[in-house]
Amino acid sequence: MVIEFSNVSKSFHRHAGKMLLRNHLLQMLRRVREERFFALKHVSFTLQRGESLAVIGRNGAGKSTLLGLVAGLAKPDEGRVTVNGHVAALLELGCGFHPDLTGHENVRMNASLLGLSRKETDAAFDSIVDFSGIGDFIHQPLRTYSTGMIMRLAFSVAVNTNPEVLLIDEMLAVGDTAFQAKCIEKIHEFRNSGKTLLCVSHAAGMIQKLCDRAIWLDHGELIMSGSVAEVTAAYAGCPSAAV
């Protein structure tokens with residue numbers, strides 16, 4: 001077992017908007033309880049080594065919160081999240097990159113954030129740059145890159161750090177068709193080597209290419225779990241499934 005969610009719930013404060021300082025003080029003095037909303041409610045599932053799981057659902061269903069818990073970016077309010085193995089996460093475009101640093105500097109910094117030593121980064125550096133197709137732009141500041149170039153570099157760093165678990169949140173929706181095909185081929189290699197994939201996407205075709213199983217979330221609750229074909233068909237047939 002690589003990932004296990006056992007009765008996991010996660011909530012956040014629901015902010016009504018900007019408040020004056022005096023209103024904040026009055027709220028504290030009156031001990032008014034802030035309203036909370038649940039991004040996840042009593043969610044349980046397991047993911048075995050070598051499996052690929054898609055998480056589907058409309059916007060606000062709790063998909064990104066789930067990935068954030070797996071990545072260790074947050075802790076559950078209730079229940080237990082267990083992750084065994086090194087995780088590489090593509091949760092936000094260019095996350096961990098700095099616009100004023102060159103692509104070269106960003107690769108080294110991002111690889112370090114993902115747990116690679118300097119020696120390991122040196123060994124992987126040429127493969128990262130070659131896969132990204134950035135070419136000589138690797139020596140230019142990141143602010144000169146297009147959105148697609150940043151995505152390509154971020155994906156290349158993640159897959160070349162040899163993670164045991166890869167998390168993807170809509171990242172493959174960006175970039176040209178040729179690079180998307182290259183990414184899909186790399187993910188298939190990743191899966192064939194016994195690694196684990198957890199993917200969030202609204203693109204049913206992409207999910208069916210990459211994943212074996214799927215879970216469907218709605219308002220933080222687990223609605224269905226099963227084969228990717230069964231779950232995506234049920235989701236597509238639900239009137240409330242529109243984004």
Side-chain angles (χ1 to χ4, degrees), residues 2-3 47 49-53 64 67-73 83-201 203 206 209-211:
V2 178
I3 297 171
L47 187 57
R49 191 169 307 279
E51 286 189 316
S52 52
L53 179 71
S64 293
L67 292 189
L69 290 173
V70 175
L73 301 178
V83 180
N84 297 312
H86 171 59
V87 176
L90 290 169
L91 303 184
E92 186 176 343
L93 187 63
C95 182
F97 284 2
H98 194 290
D100 292 330
L101 298 180
T102 66
H104 183 284
E105 292 165 332
N106 271 294
V107 165
R108 293 193 171 278
M109 179 175 69
N110 203 242
S112 177
L113 291 173
L114 290 173
L116 264 67
S117 66
R118 180 176 295 182
K119 184 177 180 179
E120 289 171 328
T121 302
D122 287 342
F125 186 82
D126 288 343
S127 296
I128 291 170
V129 176
D130 182 62
F131 185 88
S132 72
I134 297 298
D136 290 339
F137 276 96
I138 196 67
H139 301 295
Q140 298 301 315
L142 202 74
R143 64 174 180 270
T144 65
Y145 287 24
S146 67
T147 299
M149 290 170 69
I150 296 172
M151 186 280 293
R152 285 155 56 187
L153 194 60
F155 183 89
S156 187
V157 173
V159 297
N160 281 284
T161 56
N162 196 31
E164 292 166 283
V165 182
L166 182 63
L167 309 181
I168 302 178
D169 189 357
E170 295 288 5
M171 287 294 293
L172 298 184
V174 185
D176 57 46
T177 303
F179 189 73
Q180 285 186 21
K182 191 176 180 180
C183 290
I184 291 170
E185 182 181 355
K186 187 69 174 180
I187 291 172
H188 282 309
E189 290 178 13
F190 182 85
R191 289 178 54 196
N192 291 337
S193 65
K195 305 300 179 64
T196 303
L197 174 68
L198 186 57
C199 176
V200 164
S201 179
M206 184 72 71
K209 287 180 181 178
L210 298 179
C211 301

Side chain Arg152, main chain Gly133, donor-acceptor under 3.5 Å: yes

Residue list, side chain to side chain contact (heavy atoms under 4.5 Å, CB included) with Pro141, at least two apart or on another chain: Arg143, Thr144

Derivation and outcome, side-chain contact (heavy atoms from CB on, under 4.5 Å), residues Met149 and Leu142: CA-CA 9 Å; Met149 290 170 69; Leu142 202 74; over 6 Å; no

Side chain to side chain contact (heavy atoms under 4.5 Å, CB included) partners for Asp130, two or more places apart: none

Interatomic spacing from CG in Leu53 to CG in Leu167 - rounded to 0.5 Å: 11.0 Å

Ile3 versus Val70, closest heavy-atom pair with distance: CD1-CG1, 3.8 Å

Side chain to side chain contact (heavy atoms under 4.5 Å, CB included) partners for Ala123, two or more places apart: none

Counterpart residues, side-chain hydrogen bond (donor to acceptor under 3.5 Å, both in side chains), relative to Asp136 (two or more places apart): none

Distance (rounded to the nearest 0.5 Å) between Leu198 CG and Asp169 CG: 9.5 Å

Full working for side-chain contact (heavy atoms from CB on, under 4.5 Å) between Ile187 and Ile168: CA-CA 11 Å; Ile187 291 172; Ile168 302 178; 3.6 Å; yes

Shortest non-hydrogen contact between Arg49 and Gly194, atoms and distance: CG-O, 3.4 Å

Ile138 side, atom CD1; Glu105 side, atom CD - distance, nearest 0.5 Å: 10.0 Å

Non-neighbouring partners of Tyr145 that pass ring pair (Phe, Tyr, Trp, His ring centres under 6.0 Å), sequence neighbours left out: none

Cys211 versus Arg191, closest heavy-atom pair with distance: N-NH1, 4.1 Å

Exercise: identify the closest heavy-atom pair between Lys209 and His188: O-CE1, 3.1 Å

Show every donor-acceptor pair shorter than 3.5 Å between a side-chain atom in residues 153-166 and any protein atom, with sequence neighbours excluded, or say none if there are none.
unit_1, atom_1, unit_2, atom_2, d
Ser156, OG, Ile128, O, 2.5
Ser156, OG, Asn160, ND2, 3.4
Asn160, ND2, Ser156, O, 2.8
Thr161, OG1, Ala158, O, 2.8
Asn162, OD1, Lys195, NZ, 2.7
Glu164, OE1, His86, N, 2.8

Could you list the donor-acceptor pairs under 3.5 angstrom formed between side-chain atoms of residues 106-118 and any protein atom two or more places apart in sequence or on another chain?
unit_1, atom_1, unit_2, atom_2, d
Asn106, OD1, His98, N, 2.6
Asn106, ND2, His98, O, 3.0
Asn106, ND2, Leu101, O, 3.2
Asn106, ND2, Thr102, O, 3.1
Arg108, NH1, Asp122, OD1, 2.8
Arg108, NH2, Asp122, OD1, 2.9
Asn110, ND2, Cys95, O, 3.4
Ser117, OG, Glu120, N, 3.1
Ser117, OG, Glu120, OE1, 3.3

